[in-house]
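The chains referred to below are lettered A, B, ... by the order of the sequence lines, with proteins before strands, and numbering in each begins at 1.
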Amino acid sequence: MKKRNIYIRLAVKGFIVIFILSMVVFLTLPDREGSRNKAKISLTSNEFIEEMNNGNGTGLDQYIEQAIEIEGIIDKIVYRNDTHTIILYGGDNSKFVLCEMHKEEKPKIEKYHKGEKVKIKGIYKGSLMDAIFLNCVILEKNVNK
Amino acid sequence: MAQEQGEFIDRQGSIALFSYTSVENIKAENNQVASIVDLSNNQIAVRMLMRAFVFEKALMEEHFNESYIESDLYPQAIFQGTIIGLDLSITEPQTRKIQGVFTLRGIEKELDFKATISKEKNRFTISGKLELTVADFNIKIPPLLAPNIADTITINFSFEYEPYEN
């Protein structure tokens with residue numbers, strides 16, 4: 001009986017340790033879901049591209065892997081490889097903001113069209129020709145329309 | 001093709017990594033890869049953000065960026081090469097060799113692989129598969145995790161090019 005109680009105590013302690021470790025890992029991982037964290041900064045897509053063009057965009061490096069809110073006009077919505085991407089105008093036709101959308105955003109995305117204004121929150125990954133955001137979620141429809 | 005000598009672009013090319021071992025299979029996808037093909041000299045350039053690879057598990061993604069690739073130090077991988085014998089007057093899909101230099105973690109490696117090129121109206125696609133050896137890029141994998149990661153990583157790529165109006 002005594003031995004059995006020891007085993008039960010050990011099992012409970014083991015469970016608690018695993019639970020705490022899991023929570024620590026979960027809470028310290030980068031925010032892969034754009035919706036989980038508060039946005040560090042809120043900009044229009046034009047402002048973002050303008051910032052990217054200034055000093056090769058190094059000022060934006062501090063926001064890599066951070067949640068950012070971006071508001072802009074939709075250039076197009078692309079569906080490729082089972083993934084939706086909302087492309088926002090960046091002020092001219094050479095640079096854009098690419099927002100790869102979270103899978104669960106599909107029903108919201110279908111309500112949007114080219115030329116509409118949209119506010120999106122996503123995780124900034126850096127820039128190539130364009131600014132790239134992943135795990136994006138739509139915040140509200142037709143902002144300031 | 002109306003603009004056969006111009007530049008063509010894909011801002012959202014796709015690259016998938018696969019590591020197969022008896023312990024586990026690991027897959028990651030990057031659907032925001034930029035590429036330009038210049039048809040005047042058949043040059044191809046590809047750039048990708050390493051942080052834009054998405055893994056099934058967040059912990060794998062963290063190991064990939066923080067420990068193996070060191071994405072803070074080496075945020076991009078770049079390929080620059082030439083498509084040998086590309087002829088877009090051919091309407092059927094054509095298999096062509098691509099030769100060039102791939103730069104990852106600041107290390108350059110010459111690559112030579114085949115790709116399938118298909119033309120549709122004023123667009124074309126390039127897709128294919130190649131293999132990269134992890135050791136070529138000085139990627140340090142802890143002994144404990146070594147059985148989980150293949151020595152050779154399979155890369156699948158797919159691009160859809162349209163005329164580049166810059």
Next on the checklist: Is a donor from one side chain sitting under 3.5 angstrom from an acceptor on the other, for Asp10(B) and Ser35(B)?
Outcome noted: no
Okay, Met48(B) and chain A: the region with an atom under 4.5 Å from a heavy atom over there is backbone
Looking only at Gln76(B), Glu29(B), Arg47(B), Gln12(B), the option with the highest number of non-hydrogen pairs under 4.5 Å against chain A is Gln12(B)
inquiry  = Tell me whether the rings of Phe113(B) and Phe157(B) are parallel (<30°), tilted (30 to 60°) or perpendicular (>60°).
reply    = perpendicular
Okay, Ser71(B) and chain A: the region with an atom under 4.5 Å from a heavy atom over there is neither
Original post:
Just wondering, more than 12 heavy atoms not from Lys108(A) lying within 6.0 Å of its NZ?
Top reply: yes
Given the options Ile84(B), Asp112(B), Val46(B), Ile83(B), Ile98(B) meets side chain to side chain contact (heavy atoms under 4.5 Å, CB included) only with Ile83(B)
Expected contact set for residues 79-90 of chain A against chain B at heavy-atom separation under 4.5 Å reads Arg80(A), Asn81(A), Thr83(A), Thr85(A), Ile87(A)
* **Any donor-acceptor pair under 3.5 Å from Lys114(A) side chain to Asp75(A) backbone** => yes
Report task. Assign the ring pair Phe102(B) / Phe79(B) to parallel, tilted or perpendicular, where the plane angle (0 to 90°) is split at 30° and 60°. Result -> tilted
Whatever's closer than 4.5 Å to a heavy atom in chain B on Leu128(A) counts as both
From the list Lys121(A), Glu71(A), Glu69(A), side-chain hydrogen bond (donor to acceptor under 3.5 Å, both in side chains) partner of Ser42(A) resolves to Glu69(A)
For Glu105(A), the side chain to side chain donor-acceptor pair (under 3.5 Å) test, sequence neighbours excluded, returns none
